[in-house]
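Labels below follow one simple rule: chain letters A, B, ... track the order of the sequence lines, proteins then strands, and each chain is numbered from 1.
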Amino acid sequence: MKLYNSMSRTKEEFNALNGNKVGMYACGITAYDLCHIGHARSCVVFDVLLRYLRFKSYELTFVRNFTDIDDKIIKRAKEVGMKPSELAEKFISEFYVDMDKLNILRADIEPKCTEHIPEMIELVNQLIAKNHAYATPSGDVYYRVRSFSEYGKLSGRNIEELQSGARIEPGDEKEDPLDFALWKAAKPDEPQWDSPWGKGRPGWHLECSAMSGKYLDQPFDIHGGGQDLTFPHHENEIAQTEAATGKPMARFWVHNGFVQINAEKMSKSLGNFFTIRDILEKFHPEVLRYFLLTMHYRSPLNFSFEAMEEAEKGVRRIYATLAQIKLELERSKWSNMELPDEMITEYQGYRAQWALSMEDDLNTAAALGHIFGAMRLAGRIAEDKQLKKSQGAKNLWALLLEDMTRWAQVLGVFEREPSEFLQELRSSRAMRKDIDVDKVEALLTARQEARKAKDFDKADAVRAELSTLGVEVKDTPNGADWDVG
RNA sequence: GGCGGCAUCGCCAAGUGGUAAGGCAGAGGCCUGCAAAGCCUUUAUCCCCAGUUCGAAUCUGGGUGCCGCCUCCA
């Protein structure tokens, strides 16, 4: 497959160096608050990458860390009167709640920063020994950025450009404004660990170098994260790891694009901030996951509730078609008729295009387009009175369901039993629109009785009433059904 | 100021040299007691200008507009 490598700024052919073993590391969350849509996107993107690599039979080891100690955690813990470790634990468990709903698979290894202090200290020791780092009298340790000649290679910056923007805070003991902290001397009332430089705690960038180094062979295959982590976080990881080991850190650097609100960056300061929970109050989690896959992972993605409603319709349509096909397949007798060759060819086209799309830098948006194509074809066959009873239709539908299982497994959507999912989706929509389900059922029964008596005026009146409630009635061969309009 | 990205139908969105996927919305039709759902048909020459090429949404140069990073951030 082709994968865009931020380091080379091109799509490159991805292959594993070590047989079919692949090591992947993604920067996880800092556990100080609930996850927002941006986290959801990043996690979905790397979840699909992980699923796809496994689908392609790579033997993948995926590491995703938790930052469970840093400035933000300490600050928030003070605000709410918790210990930083308690706060981090709380938000790590909240993370799992959200991610499970979004059908994000667990990483193989989910290391926590505070459980890897010795590894980090060891890494700092190596850097000091190689003159890439220095301790200050107060017990801070800084990375000597100018000692690493390749600094800036990932983010495409050079030292001089960075120099102009860098500042020294009062009281800093840095040799150079560009230097960044590897180890921070302890402050009173803050979590601290013993180290050769006195009590203190690790800097943020250090943990990813230490933990990826511990769990993955270097260079490992894929390092992922949000676009904003490119600089300085990933740049600093590279500086740390490569200066210490003398080996490249990772072969592919993969960055997902940002979620935006009204074409602007989502941030707390702008007040345009949505947590995953905010969304799931109104929408089924699978709708969110689907929505996140309708755009290429490197593009900025504009979030809105209107866009979510559209996504919801898309998901519903796929499942509705699947449900219809499953129903059709219950037929016991099939004619000997085969499908026209053009239909077979068309179907094979969607199938092939799906694979090509995924091969091309994980183009889930295009892949979904081809799934729609396949669904439309399936529906077209079901519309044809002759074809729908044919052996040919049966074979194609069975093949489609089989393919769909694979597609769903990779994308992490459309995995559910269609009828069950449609029920859940309807409940979710009914809740969002404040629809009283019991009342709807009662009206529906009344309408059915009227219809049985051929009292269509009354039946239509009831339907009109349902319509004002926001409910649309569907008459099917198996009775009346309803959905949120 | 430096670095980078983006601009495709009413909206969302694929498409990196060979003649514009798909979704949502709209229109007409089939189906239906009437509807809904579904299916069929239908709606673009790709921000502007110049250039390269037999051929460009796709490459080059210039312009305009928007966004991101450079400070914690998925």
Assess whether one donor atom and one acceptor atom, taken from the side chain of A:Glu383 and the base of B:G38, lie less than 3.5 Å apart.
-> yes
Would you please test A:Phe180 and A:Tyr142 for ring pair (Phe, Tyr, Trp, His ring centres under 6.0 Å) and show each step?
-> CA-CA 5 Å; A:Phe180 60 90; A:Tyr142 289 103; 8.8 Å; no
Would you say a side-chain N or O of A:Arg376 is under 4.0 Å from OP1 or OP2 of B:G23?
-> yes
If pairing means Watson-Crick or G-U wobble with both distances under 3.5 Å, then the partner of B:C39 is B:G29
Which nucleotide in the set B:A74, B:A14, B:C72 lies at the smallest distance from any side-chain heavy atom of A:Lys72?
-> B:C72
Between B:G38 (C1') and A:Leu387 (CG): distance, integer Å = 16 Å
May I ask you to verify whether the side chain of A:Arg298 and the base of B:G5 hold a donor-acceptor pair under 3.5 Å?
-> no
Looking only at heavy atoms, what is the nearest atom pair of A:Ala480 and A:Leu444, with distance?
-> O-CD2, 4.3 Å
Contact class for A:Arg317 vs. all strands (heavy atom < 4.0 Å): base, sugar-phosphate, or nothing?
-> sugar-phosphate
Return the nearest nucleotide to the side chain of A:Trp204; candidates are B:C72, B:A25, B:G38.
-> B:C72
Nucleotide nearest A:Asp475 (side chain, heavy atoms from C-beta), chosen from B:G33, B:A14, B:A74 = B:G33
A:Asp108 with A:Arg64: basic N within carboxylate O range, under 4.0 Å | no
Determine whether any donor atom in the side chain of A:Lys265 lies under 3.5 Å from an acceptor atom in the base of B:C73, or the reverse, and answer yes or no.
-> yes
Strand partner of B:G4, provided both Watson-Crick or wobble distances fall under 3.5 Å = B:C67
A:Ala366 has a side chain; which of B:A21, B:A74, B:C34 sits nearest to it?
-> B:A21
Of the listed B:A36, B:A74, B:C34, the closest approach to the A:Leu229 side chain comes from B:A74
Looking at A:His205 versus A:Tyr143, is the centre-to-centre ring distance below 6.0 Å?
-> no
Looking for any heavy atom pair under 4.0 Å, which part of the strands does A:Phe258 touch: base, sugar-phosphate only, or nothing?
-> base
Counting only side-chain N and O atoms of A:Arg380, is one of them less than 4.0 Å from OP1 or OP2 of B:C40?
-> yes
Within this structure, what is the CE-to-P distance between A:Met295 and B:C67, rounded to whole angstrom?
-> 19 Å
Polar pair under 3.5 Å, donor/acceptor by atom type, side chain A:Gln324, base B:G38 = no
Between B:C24, B:A14, B:C72, which nucleotide gets closest to the side-chain atoms of A:Glu310?
-> B:C24
Could you tell me whether A:His296 contacts a base, only the sugar-phosphate backbone, or nothing, with contacts defined as non-hydrogen atoms closer than 4.0 Å?
-> sugar-phosphate
Interatomic distance, A:Glu312 CD vs B:A25 C1' [rounded to whole Å] = 16 Å
Quick one: does A:Asp228 reach the base of B:C70 with a side-chain donor-acceptor pair under 3.5 Å?
-> no
Checking N1-N3 plus N6-O4 or O6-N4 for Watson-Crick, or N1-O2 and O6-N3 for wobble, each under 3.5 Å, the partner of B:A21 is none
Please work out if A:Lys474 contacts a base, only the sugar-phosphate, or nothing of the nucleic acid, heavy-atom cut-off 4.0 Å.
-> base
Is any side-chain heavy atom of A:Ile261 closer than 4.5 Å to a side-chain heavy atom of A:Phe274?
-> yes
On the ring face of A:Trp482, is A:Arg426 found with NZ or CZ under 6.0 Å from the centre and within 45° of the axis?
-> yes
For B:U45, which nucleotide in any strand shown is its Watson-Crick or wobble partner with both distances under 3.5 Å?
-> none
Per the atom types in the model, does the base of B:G15 pair as donor or acceptor with the side chain of A:Asn363 at under 3.5 Å?
-> no
Can you check whether A:Phe372 stacks with the B:G22 base, using ring centres under 5.5 Å and planes within 30°?
-> no
